[in-house]
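Okay, so here's the structure we're looking at.
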Amino acid sequence: MAESSDRESSFHSRDGMDCPAAESCMQKFRLYETRSMFYMIGRDKSRTYWRVLKIDRLDPSELNVREDSTTYTERECSDLLRRIHEGNKSTGGLKFVTTCYGIVGFIKFLGPYYMLLITKRREIGAICGHTVYAISKSEMIPLPNSTVRSAIANSRDENRSLLGNYMESLILGLLSLKNRSSL
């Protein structure tokens with residue numbers, strides 16, 4: 001894996017060519033899921049470079065996130081998704097979850113981790129020619145698959161579950177900027 005200073009200056013494509021960091025800034029993402037993994041597929045503004053982030057769904061107590069070091073073309077990324085779907089057909093295949101503009105972060109309450117996503121944005125200005133956005137809508141997605149989540153839910157008492165639901169609502173409310181009249 002490249003050192004962080006190397007990663008900021010360039011990414012390496014399959015053919016070994018360097019991709020300048022300015023061109024590899026991911027602008028839009030699509031989240032897919034299999035029973036065992038989430039796949040966050042990001043692309044740059046010109047749809048030239050595609051990157052993949054893999055998020056494990058089977059271990060509710062650990063956050064396992066890996067960035068694929070390969071920079072893909074659109075066709076290579078489509079082929080990768082097709083192969084992932086084919087390889088996971090016995091457990092439901094690959095399913096589209098949502099389109100988003102970024103990951104706010106990951107949070108853990110009393111149980112499993114949740115992923116906080118920016119699902120809607122609005123332009124509010126520019127700084128030195130770079131667009132600045134506000135978050136208009138967000139989504140909180142539990143990382144474990146439904147089978148793992150039900151096992152966790154069955155092992156917890158009701159009060160802990162209610163606290164988790166309250167905290168989820170609180171975080172989503174804090175992230176929502178819809179009701180704010182000014183920034």
Is there a side-chain contact between Arg47 and Gln27 in this structure, where contact means two heavy atoms from C-beta onward sitting under 4.5 Å apart? no
What are the two closest heavy atoms between Asn88 and Ser36, and how far apart are they? OD1-OG, 4.4 Å
Side chains of Cys100 and Lys120: does their closest heavy-atom pair fall under 4.5 Å? no
Hey, does Leu53 have a side-chain heavy atom less than 4.5 Å from the side chain of Arg66? no
Examine Tyr114 together with Phe109 and report whether their ring centres are nearer than 6.0 Å. yes
Result of checking Arg57, Lys54, Lys95 against Glu33 for salt bridge (charged side-chain N to carboxylate O under 4.0 Å, His left out): Arg57
Taking all non-hydrogen atoms of both residues, which atom of Tyr72 and which atom of Asp68 are closest, and how far apart? OH-OD2, 2.5 Å
How long is the gap from OG1 on Thr70 to CH2 on Trp50, to the nearest 0.5 Å? 15.5 Å
Please report the C-alpha distance between Leu80 and Glu76 in whole Å, then the side-chain angles of each, then the deciding distance to 0.1 Å, and finally whether the side-chain contact (heavy atoms from CB on, under 4.5 Å) criterion is met. CA-CA 6 Å; Leu80 174 67; Glu76 290 170 334; over 6 Å; no
Grab the two heavy atoms, one from Arg43 and one from Lys45, that are nearest each other, plus how far apart they are. NH1-O, 3.9 Å
Heavy-atom closest pair, residues Phe38 and Leu143: CE1-O, 3.5 Å
I'd like to check the ring-ring contact (aromatic ring centres under 6.0 Å, His included) partners of Phe29; sequence neighbours left out, ordered by chain and number. none
Does a donor on one side chain and an acceptor on the other come within less than 3.5 Å for Arg30 and Tyr32? yes
Can you give me the closest heavy-atom contact between Leu31 and Met115, atom names plus distance? CD2-CE, 3.8 Å
Going only through I, L, V, M, F, W and Y residues with side-chain contacts under 4.5 Å, is there a path from Tyr133 to Ile127? no
Only residue of Ile135, Thr99, Val97, Ile103 satisfying side chain to side chain contact (heavy atoms under 4.5 Å, CB included) with Leu117 is Ile103
Would you mind reporting whether Thr34 and Thr91 have side-chain heavy atoms less than 4.5 Å apart? no
Tyr113 and Ile107: CA distance, side-chain angles, deciding distance, side-chain contact (heavy atoms from CB on, under 4.5 Å) verdict: CA-CA 5 Å; Tyr113 279 93; Ile107 189 164; over 6 Å; no
Could you go through Ser61 and Lys108, starting from their C-alpha distance and side-chain angles, then the distance that decides it, and tell me whether this counts as side-chain contact (heavy atoms from CB on, under 4.5 Å)? CA-CA 9 Å; Ser61 63; Lys108 182 176 182 173; 4.2 Å; yes
Say you draw a straight line from SG of Cys25 to NE2 of His130; how long is it, rounded to the nearest 0.5 Å? 9.5 Å
side-chain contact (heavy atoms from CB on, under 4.5 Å) between Asn64 and Ile55: does it pass, once the steps are laid out? CA-CA 6 Å; Asn64 297 309; Ile55 305 159; over 6 Å; no
Linking I/L/V/M/F/W/Y whenever any side-chain heavy atoms sit under 4.5 Å apart, do Leu94 and Phe96 land together? yes
Identify the two heavy atoms, one from Ser136 and one from Arg121, that lie closest to each other, and give their separation to 0.1 Å. OG-C, 3.6 Å
Sub-4.5 Å side-chain heavy-atom contact between Leu63 and Asp56: no
Going from CE on Met140 to CG on Leu116, what distance comes out if it is rounded to the nearest 0.5 angstrom? 4.5 Å
